[in-house]
Amino acid sequence: MTTKKVALVTCYFQPNYGSQLQAYATQLLFDKMGVANETICIDGLRKEINEAKYRYFLSRVWDVNTVRDKLATVKKVWAVKTKGSAFRANMAERRRMFDAFARTMFHVSRVYNSKEELREAAHDYSAFVVGSDQLWLPSNIEADYYTLNFVPDDVPKIALATSFGVSRLPKRQARKAERFLGRLDYCSVREQSGRRIVKELTGRDVPVVCDPTLLFTAGEWANAVGAERFVEEPYLFCYFLGNNPVHREFVRRFKQETGYRIVQLQHCDEYIGSDVGFPDIAPYNVGPKEFVRLIRDAEYVFTDSFHCSVFSMLHSKRFFTFRRYSTDSIVSTNGRLYSLLSLAGLENRLLRGTETVSQCMELPVDYAEVHERLADLRRLTMRFVEDALSKFGIEYKETL
């Protein structure tokens with residue numbers, strides 16, 4: 001049996017609630033199983049990875065969907081420069097919360113200054129695990145880090161609940177995906193659409209397993225994030241990444257019906273001017289821990305986010321999920337919402353925003369059945385992980 005550490009290739013550093021929480025949950029999984037692990041430090045690799053992603057986006061300047069998607073980032077950067085010192089201070093405060101979480105919550109490896117240097121050190125690890133989140137987006141395939149192509153053939157490579165983020169790949173990235181998917185020793189995906197992509201490209205039938213955040217119950221998450229409330233009064237919690245006014249209008253009508261004040265995390269993926277003045281409370285001192293607590297203690301949750309929907313389910317919340325994208329274009333990430341809600345049997349929580357508030361308030365949720373489904377999905381996921389570790393002689397504690 002090996003005593004080497006497992007290397008985790010995750011997006012732990014990204015200032016995004018879902019990215020950091022799923023990376024942390026991946027680490028927490030291996031900690032719980034008693035498997036020595038460390039998350040590969042991104043610091044020395046970031047420049048190499050980003051340059052490849054920039055080249056990809058430049059190659060797609062003709063594609064209206066890709067350009068529209070990237071404009072959100074440009075708007076956010078421009079807002080930091082132009083919206084005044086108070087806005088800059090707010091965004092800096094939020095970034096400090098993310099940086100503190102990344103710095104204090106992860107077992108991070110030493111710095112590797114290139115993928116080649118990491119390749120040379122690969123035999124120091126018992127296996128490389130990539131996952132989950134949208135790590136196989138077309139831009140990430142071009143960046144060629146989350147593909148694990150740098151890992152030698154004789155070092156085990158495992159994909160845990162990894163997501164393509166989109167329902168189909170452009171031709172160039174599909175050809176590259178066919179190659180790296182074929183090198184993976186064990187592969188699982190997070191969505192049915194990902195399973196279809198892998199099947200079409202490689203002929204492999206791979207399991208759909210759950211996002212690592214779903215592997216832990218609400219009680220287990222309380223141990224990680226704390227029990228105290230972030231907002232004392234009853235409230236409606238909003239976490240919208242897309243700019244869809246109809247979703248905000250739905251929440252306004254909900255406020256009129258319930259009398260609860262609105263708490264919103266603003267300008268997370270892009271600067272949305274129309275959100276200014278929308279909530280009653282707009283905190284910025286919110287890291288991943290506070291994010292989970294805001295969901296947990298809300299009266300109702302409104303979101304277009306995959307991971308906000310996940311934590312709403314885990315905490316048995318009355319929640320509503322909206323499509324972030326109006327169509328299922330090549331950059332749309334709607335597919336992962338469809339898959340998540342379908343797996344939990346909660347398709348009725350997916351709204352357009354034009355529904356009647358009173359009818360939505362009466363929508364039933366059988367959380368006993370939901371948690372049974374999630375427990376089944378956990379068992380399936382844990383069997384996949386245990387099978388992979390056993391295959392490569394990696395000792396673990398059984399948790400089922």
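Note that the coordinates shown come from a computational prediction; the quantities given were computed from them, not determined experimentally.
Applying the salt bridge (Lys or Arg N to Asp or Glu O under 4.0 Å) test to Glu249 and every residue at least two apart in sequence or in another chain returns Arg252. Evaluation of the salt bridge (Lys or Arg N to Asp or Glu O under 4.0 Å) rule for Glu355 yields no partner, not counting sequence neighbours. Asn113 pairs by the side chain to side chain donor-acceptor pair (under 3.5 Å) definition with nothing, not counting sequence neighbours. Remark: Phe30 engages no residue in a ring pair (Phe, Tyr, Trp, His ring centres under 6.0 Å) (not counting sequence neighbours). For Glu178, there are no side chain to side chain donor-acceptor pair (under 3.5 Å) partners two or more places apart in sequence or in a different chain. Under the ring pair (Phe, Tyr, Trp, His ring centres under 6.0 Å) criterion, Tyr54 pairs with no residue, sequence neighbours left out. With sequence neighbours left out, the side chain to side chain donor-acceptor pair (under 3.5 Å) criterion links Arg110 to Glu117. Among residues two or more places apart in sequence or in another chain, the ring pair (Phe, Tyr, Trp, His ring centres under 6.0 Å) test is passed with Tyr24 by Phe101. Under the ring pair (Phe, Tyr, Trp, His ring centres under 6.0 Å) criterion, His371 pairs with Tyr367, sequence neighbours left out. Every residue two or more places apart in sequence or in another chain that forms a salt bridge (Lys or Arg N to Asp or Glu O under 4.0 Å) with Lys199 is listed here: Asp205.
At a cut-off of 3.5 Å, with distance as the only test, a side-chain donor of Asp31 or Asn37 sits close to an acceptor on the other residue. Looking at Ser309 and Thr321, their side chains do bring a donor and an acceptor atom within 3.5 Å of each other. At a cut-off of 3.5 Å, with distance as the only test, no side-chain donor of Thr213 or Gln22 sits close to an acceptor on the other residue. Using a 3.5 Å distance cut-off with no hydrogens or angles, the side chains of Asn244 and Arg323 do not pair a donor with an acceptor. Donor-acceptor pairing under 3.5 Å is recorded for the side chains of Thr147 and Asp144. With 3.5 Å as the limit, one finds a donor-acceptor pair spanning the side chains of His123 and Asp154.
Ring-plane geometry between Tyr300 and Tyr260 is classed as tilted, the angle between the planes lying from 30 to 60 degrees on a 0 to 90 degree scale.
Note that Arg46 lies in the cation-pi zone of Phe13, set by a 6.0 Å cut-off to the ring centre and a 45° limit from the axis. Stacking of Arg296 on the aromatic ring of Phe237 is not recorded, the 6.0 Å distance cut-off and the 45° axial limit not both being met.
Ion pairing of Arg379 with Asp376 is present here, as a side-chain N (NZ or NE/NH1/NH2) and a carboxylate O approach within less than 4.0 Å.
Contacts classified as ring-ring contact (aromatic ring centres under 6.0 Å, His included) and involving residues 81-100 (residues at least two apart or in different chains) are given here: Tyr17-Phe98, Phe87-His267, Phe87-Tyr271.
Leu135 places a side-chain heavy atom less than 4.5 Å from the side chain of Cys11.
Under a 3.5 Å cut-off, the side chain of Glu93 and the backbone N or O of Asn285 do not form any donor-acceptor pair.
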Do any side-chain atoms of residues 287-295 form donor-acceptor pairs under 3.5 angstrom with protein atoms, and if so which ones, sequence neighbours left out?
{"unit_1": "Glu290", "atom_1": "OE1", "unit_2": "Gly287", "atom_2": "N", "d": "2.8"}
{"unit_1": "Arg293", "atom_1": "NE", "unit_2": "Glu228", "atom_2": "O", "d": "2.8"}
{"unit_1": "Arg293", "atom_1": "NH1", "unit_2": "Val225", "atom_2": "O", "d": "3.2"}

